[in-house]
Amino acid sequence: MSVDLFRGQKVRVTAFEADKETEFLTVGSRDSEFMRLQGGEPAAIWSVRQQQGFFERHQPGSWLFLIRTLADDRPIGMIDLEPVDWAAGNAWIGIGIHDRKDWGQGYGTEAMGLVLRYAFSEMNLHRVSLDVFEYNPRAIKSYQKLGFKEEGRRRKWLNRGGQRWDLIYMGILRSEWEAYQQST
Amino acid sequence: MIETPLFEAQTIYLSAVDLDTDPGVIAGWTYDLEIARRFLDHPAKPMSGQEMKKYLENRIKQADESHKELIFTIKLKDEDELAGLVTIGTEMWSHGVAKLDILVGPSENRWEALREALQLALRYIFEELNLFRVDVILPEYSYEAAEVYEQAGFNLEVRQREAIFRADHYWDLFFYGLLCSEWRPQQGEE
(Lines give C-alpha, C1' and ligand atoms only; values in the text may rest on other atoms or scores of the structure.)
Protein backbone atom coordinates (compact mmCIF):
# COMPACT_ATOMS: atom_id res chain seq x y z
CA MET A 1 0.00 0.00 0.00
CA SER A 2 3.06 2.21 -0.14
CA VAL A 3 2.80 2.81 -3.87
CA ASP A 4 3.01 6.50 -4.73
CA LEU A 5 -0.20 6.69 -6.70
CA PHE A 6 0.67 9.99 -8.23
CA ARG A 7 4.13 9.28 -9.60
CA GLY A 8 4.83 7.83 -13.04
CA GLN A 9 8.02 7.47 -15.04
CA LYS A 10 8.01 10.88 -16.73
CA VAL A 11 5.60 12.94 -14.66
CA ARG A 12 3.95 13.20 -11.30
CA VAL A 13 0.68 14.92 -10.41
CA THR A 14 0.38 17.14 -7.36
CA ALA A 15 -1.96 19.65 -5.76
CA PHE A 16 -1.96 22.98 -7.56
CA GLU A 17 -0.70 26.06 -5.73
CA ALA A 18 -2.13 28.83 -7.87
CA ASP A 19 -0.54 31.58 -5.78
CA LYS A 20 2.94 30.14 -6.38
CA GLU A 21 2.83 29.09 -10.03
CA THR A 22 2.60 32.48 -11.73
CA GLU A 23 5.02 31.67 -14.55
CA PHE A 24 3.08 28.54 -15.36
CA LEU A 25 -0.18 30.50 -15.45
CA THR A 26 1.36 32.97 -17.89
CA VAL A 27 2.44 30.35 -20.45
CA GLY A 28 -0.95 28.86 -21.26
CA SER A 29 -2.69 32.20 -21.27
CA ARG A 30 -1.10 33.39 -24.53
CA ASP A 31 -1.36 30.42 -26.85
CA SER A 32 -4.68 30.52 -28.66
CA GLU A 33 -4.07 27.14 -30.26
CA PHE A 34 -3.80 25.68 -26.75
CA MET A 35 -7.01 27.44 -25.72
CA ARG A 36 -8.91 26.17 -28.75
CA LEU A 37 -7.76 22.59 -28.14
CA GLN A 38 -8.61 22.84 -24.46
CA GLY A 39 -12.13 24.19 -24.35
CA GLY A 40 -15.30 25.16 -26.16
CA GLU A 41 -15.58 28.59 -24.57
CA PRO A 42 -14.27 31.37 -26.80
CA ALA A 43 -10.49 31.70 -26.35
CA ALA A 44 -9.74 34.62 -24.04
CA ILE A 45 -6.79 36.19 -22.31
CA TRP A 46 -6.87 36.13 -18.55
CA SER A 47 -4.39 37.89 -16.31
CA VAL A 48 -2.54 35.79 -13.75
CA ARG A 49 -4.61 37.45 -11.05
CA GLN A 50 -7.89 36.61 -12.81
CA GLN A 51 -6.78 33.00 -13.12
CA GLN A 52 -5.77 32.84 -9.48
CA GLY A 53 -9.19 34.22 -8.53
CA PHE A 54 -10.81 31.51 -10.60
CA PHE A 55 -8.82 28.77 -8.85
CA GLU A 56 -9.49 30.26 -5.44
CA ARG A 57 -13.23 29.98 -6.13
CA HIS A 58 -13.26 26.62 -7.84
CA GLN A 59 -10.45 24.59 -6.33
CA PRO A 60 -12.03 23.74 -2.95
CA GLY A 61 -14.27 20.77 -3.54
CA SER A 62 -12.70 19.93 -6.88
CA TRP A 63 -10.14 17.32 -7.92
CA LEU A 64 -7.63 19.46 -9.73
CA PHE A 65 -4.02 18.40 -10.22
CA LEU A 66 -0.85 19.99 -11.52
CA ILE A 67 1.37 17.90 -13.78
CA ARG A 68 5.12 18.22 -13.20
CA THR A 69 7.98 16.58 -15.10
CA LEU A 70 10.13 14.27 -13.00
CA ALA A 71 13.33 15.19 -14.88
CA ASP A 72 13.33 18.89 -13.97
CA ASP A 73 10.26 19.29 -11.72
CA ARG A 74 8.69 21.69 -14.21
CA PRO A 75 4.92 22.39 -14.03
CA ILE A 76 3.63 21.59 -17.53
CA GLY A 77 -0.12 21.23 -17.36
CA MET A 78 -3.25 20.47 -15.43
CA ILE A 79 -5.69 17.66 -15.16
CA ASP A 80 -9.03 17.66 -13.44
CA LEU A 81 -11.61 15.11 -12.47
CA GLU A 82 -15.19 16.22 -11.90
CA PRO A 83 -17.52 13.66 -10.32
CA VAL A 84 -21.03 14.44 -11.50
CA ASP A 85 -22.96 11.48 -10.22
CA TRP A 86 -21.84 9.61 -7.13
CA ALA A 87 -24.60 7.00 -7.35
CA ALA A 88 -23.55 6.06 -10.89
CA GLY A 89 -19.88 6.63 -10.08
CA ASN A 90 -19.37 8.83 -13.13
CA ALA A 91 -16.82 11.65 -13.44
CA TRP A 92 -15.59 13.89 -16.26
CA ILE A 93 -11.88 14.20 -16.86
CA GLY A 94 -10.07 17.04 -18.62
CA ILE A 95 -6.39 17.68 -19.32
CA GLY A 96 -4.23 20.37 -20.85
CA ILE A 97 -0.49 20.57 -21.44
CA HIS A 98 0.18 24.28 -21.68
CA ASP A 99 3.41 24.65 -23.68
CA ARG A 100 3.51 23.25 -27.21
CA LYS A 101 7.12 22.15 -26.74
CA ASP A 102 5.77 19.65 -24.18
CA TRP A 103 3.16 18.22 -26.58
CA GLY A 104 3.59 14.78 -28.15
CA GLN A 105 5.97 13.44 -25.49
CA GLY A 106 3.64 11.12 -23.64
CA TYR A 107 3.31 13.41 -20.62
CA GLY A 108 -0.44 13.77 -20.99
CA THR A 109 -1.07 10.08 -21.52
CA GLU A 110 0.92 9.18 -18.44
CA ALA A 111 -0.72 11.88 -16.29
CA MET A 112 -4.18 10.66 -17.40
CA GLY A 113 -3.16 7.11 -16.46
CA LEU A 114 -2.18 8.23 -12.96
CA VAL A 115 -5.45 10.07 -12.40
CA LEU A 116 -7.52 7.21 -13.85
CA ARG A 117 -5.83 4.84 -11.43
CA TYR A 118 -6.79 7.21 -8.60
CA ALA A 119 -10.35 7.50 -9.96
CA PHE A 120 -10.89 3.73 -9.96
CA SER A 121 -8.78 2.48 -7.08
CA GLU A 122 -9.38 5.33 -4.61
CA MET A 123 -12.57 7.14 -5.61
CA ASN A 124 -14.11 3.79 -6.52
CA LEU A 125 -15.73 5.23 -9.62
CA HIS A 126 -17.59 3.08 -12.14
CA ARG A 127 -16.68 5.08 -15.27
CA VAL A 128 -14.81 8.15 -16.43
CA SER A 129 -16.10 10.33 -19.26
CA LEU A 130 -14.56 12.91 -21.52
CA ASP A 131 -15.24 14.95 -24.60
CA VAL A 132 -12.70 15.89 -27.25
CA PHE A 133 -12.80 17.92 -30.43
CA GLU A 134 -12.70 16.32 -33.87
CA TYR A 135 -9.73 18.55 -34.75
CA ASN A 136 -7.58 17.20 -31.89
CA PRO A 137 -6.29 13.83 -33.21
CA ARG A 138 -3.31 13.81 -30.84
CA ALA A 139 -5.63 13.79 -27.82
CA ILE A 140 -7.98 11.20 -29.35
CA LYS A 141 -5.06 8.84 -29.91
CA SER A 142 -3.83 9.35 -26.35
CA TYR A 143 -7.24 8.52 -24.91
CA GLN A 144 -7.61 5.44 -27.11
CA LYS A 145 -4.22 4.23 -25.89
CA LEU A 146 -5.53 4.41 -22.32
CA GLY A 147 -8.57 2.32 -23.18
CA PHE A 148 -11.25 4.97 -23.73
CA LYS A 149 -13.96 3.96 -26.22
CA GLU A 150 -15.78 6.39 -28.49
CA GLU A 151 -19.43 6.56 -27.41
CA GLY A 152 -20.72 8.87 -30.11
CA ARG A 153 -20.49 12.37 -31.52
CA ARG A 154 -22.55 15.51 -31.27
CA ARG A 155 -22.59 16.44 -34.94
CA LYS A 156 -21.32 19.83 -36.07
CA TRP A 157 -21.43 21.04 -32.49
CA LEU A 158 -18.33 23.26 -32.54
CA ASN A 159 -18.17 26.37 -34.64
CA ARG A 160 -14.56 27.43 -35.05
CA GLY A 161 -12.45 28.97 -37.74
CA GLY A 162 -15.46 29.31 -40.02
CA GLN A 163 -16.12 25.56 -39.94
CA ARG A 164 -18.30 23.14 -38.02
CA TRP A 165 -16.68 20.21 -36.15
CA ASP A 166 -18.01 17.20 -34.26
CA LEU A 167 -17.73 16.94 -30.49
CA ILE A 168 -16.59 13.40 -29.72
CA TYR A 169 -17.56 11.66 -26.48
CA MET A 170 -15.47 8.87 -25.00
CA GLY A 171 -15.79 6.77 -21.89
CA ILE A 172 -13.95 4.08 -19.97
CA LEU A 173 -15.66 1.67 -17.63
CA ARG A 174 -13.95 0.20 -14.60
CA SER A 175 -13.88 -3.23 -16.25
CA GLU A 176 -12.16 -1.74 -19.30
CA TRP A 177 -9.60 0.04 -17.12
CA GLU A 178 -8.84 -3.21 -15.31
CA ALA A 179 -8.41 -5.03 -18.61
CA TYR A 180 -6.07 -2.27 -19.78
CA GLN A 181 -4.03 -2.57 -16.57
CA GLN A 182 -3.70 -6.33 -17.14
CA SER A 183 -2.45 -5.84 -20.65
CA THR A 184 0.29 -3.30 -19.83
CA MET B 1 -44.44 35.42 -39.63
CA ILE B 2 -44.69 37.38 -36.41
CA GLU B 3 -48.30 36.19 -36.00
CA THR B 4 -47.09 32.62 -35.38
CA PRO B 5 -47.62 32.17 -31.65
CA LEU B 6 -44.38 31.35 -29.83
CA PHE B 7 -45.88 30.61 -26.45
CA GLU B 8 -49.22 28.97 -27.21
CA ALA B 9 -50.09 25.53 -28.63
CA GLN B 10 -53.32 23.49 -28.84
CA THR B 11 -53.74 22.40 -25.24
CA ILE B 12 -50.87 24.17 -23.46
CA TYR B 13 -49.24 27.56 -23.16
CA LEU B 14 -45.87 28.66 -21.78
CA SER B 15 -45.61 31.01 -18.85
CA ALA B 16 -43.17 32.24 -16.21
CA VAL B 17 -42.51 30.51 -12.89
CA ASP B 18 -44.87 31.69 -10.15
CA LEU B 19 -42.77 31.32 -7.01
CA ASP B 20 -45.86 31.46 -4.77
CA THR B 21 -47.77 28.54 -6.25
CA ASP B 22 -45.50 26.51 -8.53
CA PRO B 23 -42.85 25.19 -6.08
CA GLY B 24 -45.44 23.29 -4.04
CA VAL B 25 -46.83 21.58 -7.12
CA ILE B 26 -43.46 20.63 -8.61
CA ALA B 27 -42.17 19.39 -5.24
CA GLY B 28 -45.21 17.14 -5.17
CA TRP B 29 -43.97 15.44 -8.34
CA THR B 30 -40.56 14.60 -6.92
CA TYR B 31 -41.68 11.31 -5.34
CA ASP B 32 -40.82 10.21 -8.88
CA LEU B 33 -37.03 10.11 -8.67
CA GLU B 34 -36.71 10.65 -12.41
CA ILE B 35 -38.24 14.09 -11.81
CA ALA B 36 -36.28 14.70 -8.60
CA ARG B 37 -33.10 13.93 -10.56
CA ARG B 38 -33.59 17.09 -12.63
CA PHE B 39 -33.24 19.25 -9.54
CA LEU B 40 -30.61 17.54 -7.47
CA ASP B 41 -27.31 15.85 -7.96
CA HIS B 42 -27.47 12.13 -7.49
CA PRO B 43 -28.71 10.51 -5.45
CA ALA B 44 -32.03 12.25 -6.05
CA LYS B 45 -34.60 12.49 -3.29
CA PRO B 46 -38.16 13.76 -2.89
CA MET B 47 -38.12 17.51 -2.17
CA SER B 48 -40.25 19.73 0.04
CA GLY B 49 -42.04 22.83 -1.26
CA GLN B 50 -39.53 24.98 0.64
CA GLU B 51 -36.55 23.23 -0.93
CA MET B 52 -38.09 23.56 -4.37
CA LYS B 53 -38.85 27.24 -3.86
CA LYS B 54 -35.25 27.92 -2.86
CA TYR B 55 -33.97 25.91 -5.81
CA LEU B 56 -36.18 27.76 -8.30
CA GLU B 57 -35.37 31.15 -6.79
CA ASN B 58 -31.65 30.50 -7.21
CA ARG B 59 -32.02 29.14 -10.68
CA ILE B 60 -34.12 32.12 -11.81
CA LYS B 61 -31.63 34.55 -10.24
CA GLN B 62 -28.73 32.90 -12.06
CA ALA B 63 -30.66 32.89 -15.32
CA ASP B 64 -31.47 36.60 -14.94
CA GLU B 65 -27.86 37.50 -14.17
CA SER B 66 -26.11 35.32 -16.72
CA HIS B 67 -28.58 35.69 -19.61
CA LYS B 68 -27.60 32.13 -20.48
CA GLU B 69 -30.78 30.35 -19.54
CA LEU B 70 -34.50 30.73 -20.12
CA ILE B 71 -37.05 29.11 -17.85
CA PHE B 72 -40.73 28.62 -18.73
CA THR B 73 -43.57 26.77 -17.08
CA ILE B 74 -46.00 24.64 -19.09
CA LYS B 75 -49.63 25.39 -18.26
CA LEU B 76 -52.72 23.49 -19.40
CA LYS B 77 -55.17 25.86 -21.07
CA ASP B 78 -58.30 24.11 -19.76
CA GLU B 79 -57.72 24.10 -16.03
CA ASP B 80 -54.87 26.62 -16.03
CA GLU B 81 -52.93 23.90 -14.26
CA LEU B 82 -49.15 23.58 -14.06
CA ALA B 83 -48.04 20.71 -16.28
CA GLY B 84 -44.27 21.09 -16.51
CA LEU B 85 -41.10 23.14 -16.85
CA VAL B 86 -38.99 24.02 -19.89
CA THR B 87 -35.39 25.18 -19.59
CA ILE B 88 -33.31 26.37 -22.53
CA GLY B 89 -29.59 26.80 -21.84
CA THR B 90 -27.58 28.99 -24.17
CA GLU B 91 -24.23 28.80 -22.40
CA MET B 92 -22.38 27.68 -25.53
CA TRP B 93 -23.64 30.62 -27.54
CA SER B 94 -20.51 30.93 -29.68
CA HIS B 95 -21.35 27.54 -31.21
CA GLY B 96 -25.04 28.29 -31.60
CA VAL B 97 -26.10 25.36 -29.44
CA ALA B 98 -29.05 25.21 -27.05
CA LYS B 99 -29.41 22.71 -24.25
CA LEU B 100 -33.08 21.80 -23.87
CA ASP B 101 -34.73 20.10 -20.92
CA ILE B 102 -38.50 19.60 -20.71
CA LEU B 103 -40.00 18.21 -17.54
CA VAL B 104 -43.63 17.08 -17.62
CA GLY B 105 -45.44 16.24 -14.41
CA PRO B 106 -47.56 13.14 -13.89
CA SER B 107 -50.85 13.92 -15.62
CA GLU B 108 -53.13 12.06 -18.03
CA ASN B 109 -51.89 13.81 -21.15
CA ARG B 110 -48.28 14.35 -20.09
CA TRP B 111 -46.85 13.06 -23.38
CA GLU B 112 -49.15 15.30 -25.42
CA ALA B 113 -48.00 18.21 -23.23
CA LEU B 114 -44.40 17.16 -23.91
CA ARG B 115 -45.04 16.97 -27.65
CA GLU B 116 -46.58 20.44 -27.79
CA ALA B 117 -44.00 22.02 -25.46
CA LEU B 118 -41.26 20.54 -27.63
CA GLN B 119 -42.76 22.10 -30.77
CA LEU B 120 -42.91 25.50 -29.08
CA ALA B 121 -39.36 25.15 -27.72
CA LEU B 122 -37.94 24.19 -31.12
CA ARG B 123 -39.65 27.07 -32.90
CA TYR B 124 -38.34 29.42 -30.23
CA ILE B 125 -34.79 28.05 -30.40
CA PHE B 126 -34.55 28.00 -34.20
CA GLU B 127 -36.65 31.03 -35.18
CA GLU B 128 -36.32 33.41 -32.26
CA LEU B 129 -32.91 32.55 -30.77
CA ASN B 130 -31.65 31.66 -34.26
CA LEU B 131 -29.49 28.82 -33.04
CA PHE B 132 -27.88 26.02 -35.05
CA ARG B 133 -28.61 22.86 -33.03
CA VAL B 134 -30.34 21.56 -29.92
CA ASP B 135 -28.97 19.07 -27.37
CA VAL B 136 -31.25 16.87 -25.28
CA ILE B 137 -30.15 14.27 -22.72
CA LEU B 138 -32.43 11.40 -21.68
CA PRO B 139 -31.79 8.33 -19.59
CA GLU B 140 -32.12 5.04 -21.44
CA TYR B 141 -35.28 4.11 -19.50
CA SER B 142 -37.28 7.20 -20.60
CA TYR B 143 -38.92 5.31 -23.47
CA GLU B 144 -42.04 7.47 -23.88
CA ALA B 145 -40.09 10.74 -23.86
CA ALA B 146 -37.57 9.30 -26.33
CA GLU B 147 -40.40 8.49 -28.72
CA VAL B 148 -41.64 12.08 -28.62
CA TYR B 149 -38.15 13.46 -29.38
CA GLU B 150 -37.51 10.89 -32.12
CA GLN B 151 -40.81 11.69 -33.77
CA ALA B 152 -39.80 15.35 -33.77
CA GLY B 153 -36.68 14.37 -35.72
CA PHE B 154 -34.03 14.10 -33.02
CA ASN B 155 -31.11 11.72 -33.68
CA LEU B 156 -29.47 9.57 -31.04
CA GLU B 157 -25.84 10.68 -31.22
CA VAL B 158 -24.09 9.43 -28.07
CA ARG B 159 -24.63 6.61 -25.60
CA GLN B 160 -22.71 7.16 -22.40
CA ARG B 161 -22.55 3.58 -21.17
CA GLU B 162 -23.66 2.85 -17.62
CA ALA B 163 -23.63 6.53 -16.72
CA ILE B 164 -26.75 6.47 -14.57
CA PHE B 165 -27.80 4.24 -11.67
CA ARG B 166 -31.50 3.79 -10.92
CA ALA B 167 -33.61 0.96 -9.56
CA ASP B 168 -30.61 -1.20 -8.74
CA HIS B 169 -29.28 -1.12 -12.27
CA TYR B 170 -26.81 0.83 -14.45
CA TRP B 171 -28.37 2.49 -17.51
CA ASP B 172 -26.95 4.42 -20.44
CA LEU B 173 -27.40 8.14 -20.87
CA PHE B 174 -28.65 9.03 -24.36
CA PHE B 175 -27.56 12.30 -26.01
CA TYR B 176 -29.98 13.38 -28.74
CA GLY B 177 -29.38 16.19 -31.23
CA LEU B 178 -31.36 18.10 -33.83
CA LEU B 179 -29.89 20.56 -36.32
CA CYS B 180 -31.86 23.54 -37.53
CA SER B 181 -31.36 22.27 -41.09
CA GLU B 182 -33.11 19.03 -40.06
CA TRP B 183 -35.98 20.81 -38.32
CA ARG B 184 -36.72 23.38 -40.98
CA PRO B 185 -37.88 21.03 -43.80
CA GLN B 186 -40.37 19.45 -41.35
CA GLN B 187 -42.07 22.81 -40.87
CA GLY B 188 -43.01 23.00 -44.52
CA GLU B 189 -44.93 19.75 -44.13
CA GLU B 190 -47.23 21.10 -41.41
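Naming: A, B, ... by sequence-line order, numbering from 1 per chain.
- For the pair Ser129(A) and Gln160(B), the minimum side-chain heavy-atom distance is below 4.5 Å.
- For the atom pair CZ (Phe132(B)) and CG (Leu158(A)), the distance works out to 11.0 Å, reported to the nearest 0.5 Å.
- Within 6.0 Å of the CH2 atom in Trp111(B), the count of heavy atoms belonging to other residues, nucleotides or ligands exceeds 12.
- Heavy-atom contacts from other residues, nucleotides or ligands closer than 6.0 Å to NZ of Lys54(B) number 12 or fewer.
- Counting heavy atoms of neighbouring residues, nucleotides and ligands inside a 6.0 Å radius, atom CD of Glu144(B) exceeds 12 of them.
- Cluster membership check: Phe126(B) shares its hydrophobic cluster with Leu14(B), using side-chain heavy-atom separations under 4.5 Å among Ile, Leu, Val, Met, Phe, Trp and Tyr.
- A salt bridge does not link Arg174(A) to Glu162(B): none of the charged nitrogens lies less than 4.0 Å from a carboxylate oxygen.
- Looking at Glu157(B) and Arg153(A), no side-chain N of the basic residue comes within less than 4.0 Å of a carboxylate O on the acidic one, giving no salt bridge.
- Between the side chain of Arg154(A) and the backbone N or O of Val158(B) there is no donor-acceptor pair closer than 3.5 Å.
- Taken from NZ in Lys156(A) to SG in Cys180(B), the straight-line distance is 13.5 Å, to the nearest 0.5 Å.
- When hydrophobic clusters are built by joining Ile, Leu, Val, Met, Phe, Trp and Tyr residues whose side-chain heavy atoms come closer than 4.5 Å, directly or via intermediates, Ile102(B) is not grouped with Ile71(B).
- A single hydrophobic cluster is not seen to contain both Leu70(A) and Ile67(A); linkage of ILVMFWY side chains at heavy-atom distances under 4.5 Å, directly or through other members, places them apart.
- In this structure, Arg155(A) and Asn155(B) have side chains that are in contact, with non-hydrogen atoms separated by less than 4.5 Å.
- Between Ile164(B) and Ala88(A), the closest heavy-atom pair is CA-CB, 3.7 Å.
- Residues passing the side-chain contact (heavy atoms from CB on, under 4.5 Å) test with Gln105(A) are Tyr107(A), sequence neighbours excluded.
- Between Phe175(B) and Tyr169(A), the two ring planes are perpendicular [angle over 60°; tilted spans 30° to 60°].
- Residue contact with chain A, scored on non-hydrogen atoms closer than 4.5 Å, involves the backbone and the side chain of Arg161(B) alike.
- In the hydrophobic cluster analysis, where Ile, Leu, Val, Met, Phe, Trp and Tyr join through side-chain heavy atoms closer than 4.5 angstrom, Phe55(A) is grouped apart from Phe65(A).
- A distance-only check finds a donor-acceptor pair linking the side chain of His95(B) to the backbone of Gly40(A) [under 3.5 Å].
- Neither the backbone nor the side chain of Glu150(A) comes within less than 4.5 Å of any heavy atom in chain B.
- Other residues, nucleotides and ligands contribute at most 12 non-hydrogen atoms within 6.0 Å of the CD atom of Gln50(B).
- Within 6.0 Å of CD on Gln9(A) lie no more than 12 heavy atoms contributed by other residues, nucleotides or ligands.
- In this structure, the portion of Asn90(A) lying under 4.5 Å from any heavy atom of chain B is its side chain and not its backbone.
- By number of non-hydrogen pairs under 4.5 angstrom with chain B, the leading residue of Asp166(A), Ile168(A), Asp85(A) is Asp85(A).
- Neither the backbone nor the side chain of Leu167(A) has a heavy atom closer than 4.5 Å to any heavy atom of chain B.
- Of the atoms belonging to Trp93(B), it is side-chain heavy atoms, and not backbone ones, that fall under 4.5 Å from chain A.
- Contact of the Trp157(A) side chain with the Asp135(B) side chain is registered, since non-hydrogen atoms from C-beta on lie closer than 4.5 Å.
- Applying the 6.0 Å contact sphere to CD of Glu79(B) captures more than 12 heavy atoms from other residues, nucleotides or ligands.
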